[in-house]
Structures are given as C-alpha cells and as structure tokens.
Amino acid sequence: LTRLNDLRMDNNKISGTIPSQIGKLTLVDILYLSNNQISGEIPSEIGKLTSLWCLDFMNNKIPGTIPSEIGKLTSLWHLWLHNNQISGTIPFEIGLLSQLTYLYLSNNKI
C-alpha cells in the first residue's frame, strides 16, 4: 500500500486506534477516516504524510492533543478534526501551514 494516493474509509464503524504504520503511506494525498468510532490519539507519524492535502478525522472519539508533527504537512489545505475529544492547545506549527484553507476544530476540548 505504499503507493496508495487516496484512502477514504469514512462512514464505517472503525474503532480502536490509528496505527503508527500510517506513516508509511507517504504518497497519500487524501485521508478520510471521518464518522467512525476511532478512540486513539493521532500518532506523531502523521507528519510523514507530506503529500497530504486533505485530512479528515471528524466525528470520532479521538482524545489527546494535536501532534506538532502536523506542521510538516506543508501541502495541507483541509484539516477537519471537529467533533472529537481533542484537548490541549492548538500547536504553533499549524500556523505555519501556508496552504491551509479549511481548519475545523469545533466541538473538542481545546
């Protein structure tokens, strides 16, 4: 799957955590895991997906903080993390994403 470009697994009943092996999908540019039952934190390996321009984890049960490694996603246009259980502060690195057009963080514990 290392050549995968588009991964859409939204609107399923996926539960558990996002595996750290997600960092091996370096060519993925679209990643939809919204509307599931994911309950693990966003792994720091998400920062290895440097081709990513759309990241959608909305409507899950994701706890913890937004990893600072998200700042490595310099192609990111869309970041949808709303309706989760994310806490803490918004990482400074998000402000460095010059392509970011849509940032949805509502309905969390930020």
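Sequence positions, counted from 1, serve as the residue numbers for this chain.
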Supply the atom-to-atom distance [X] [atom1] to [Y] [atom2], rounded to the nearest 0.5 angstrom.
| X | Y | atom1 | atom2 | answer |
| --- | --- | --- | --- | --- |
| Ile70 | Leu79 | CD1 | CG | 5.0 Å |
| Lys61 | Gln37 | NZ | CD | 5.0 Å |
| Thr65 | Glu41 | OG1 | CD | 6.0 Å |
| Ile110 | Leu81 | CD1 | CG | 7.5 Å |
| Lys72 | Ser44 | NZ | OG | 8.0 Å |
| Thr50 | Leu52 | OG1 | CG | 9.0 Å |

*asked:* Do Ile42 and Phe57 make a side-chain contact, defined as non-hydrogen atoms from C-beta onward lying under 4.5 Å apart?
replied: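 Touching, per the 4.5 Å side-chain cut-off.
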According to a hydrophobic-cluster definition based on side-chain heavy atoms being under 4.5 Å apart (Ile, Leu, Val, Met, Phe, Trp, Tyr only), do [X] and [Y] belong together?
| X | Y | answer |
| --- | --- | --- |
| Ile30 | Leu25 | no |
| Tyr32 | Leu49 | no |
| Met58 | Leu100 | no |
| Tyr104 | Leu76 | no |
| Leu27 | Leu55 | no |

Any donor and acceptor pair, going by atom type alone, linking the side chain of [X] with main-chain N or O of [Y] inside 3.5 Å?
| X | Y | result |
| --- | --- | --- |
| Thr101 | Gln99 | yes |
| Asn36 | Met9 | yes |
| Asn84 | Asn60 | yes |

Which atom of [X] lies closest to which atom of [Y], heavy atoms considered:
| X | Y | value |
| --- | --- | --- |
| Ser75 | Trp53 | O-CB, 3.2 Å |
| Ser51 | Asp29 | O-CB, 3.3 Å |
| Pro91 | Pro67 | CG-O, 4.2 Å |
| Leu105 | Ile66 | CD2-CD1, 3.9 Å |
| Pro63 | Ser39 | CD-O, 3.0 Å |
| Asn59 | Asn83 | OD1-ND2, 2.7 Å |

*Taking the inter-plane angle between the rings of Trp80 and Tyr102 on a 0 to 90° scale, is it parallel (under 30°), tilted (30 to 60°) or perpendicular (over 60°)?*
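Rings of Trp80 and Tyr102: tilted, as their planes differ by 30° to 60°.
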*Start with the C-alpha gap between Asn35 and Asp10, add the side-chain angles, then the distance that decides, and say whether side-chain hydrogen bond (donor to acceptor under 3.5 Å, both in side chains) holds.*
CA-CA 6 Å; Asn35 301 310; Asp10 50 325; 5.4 Å; no
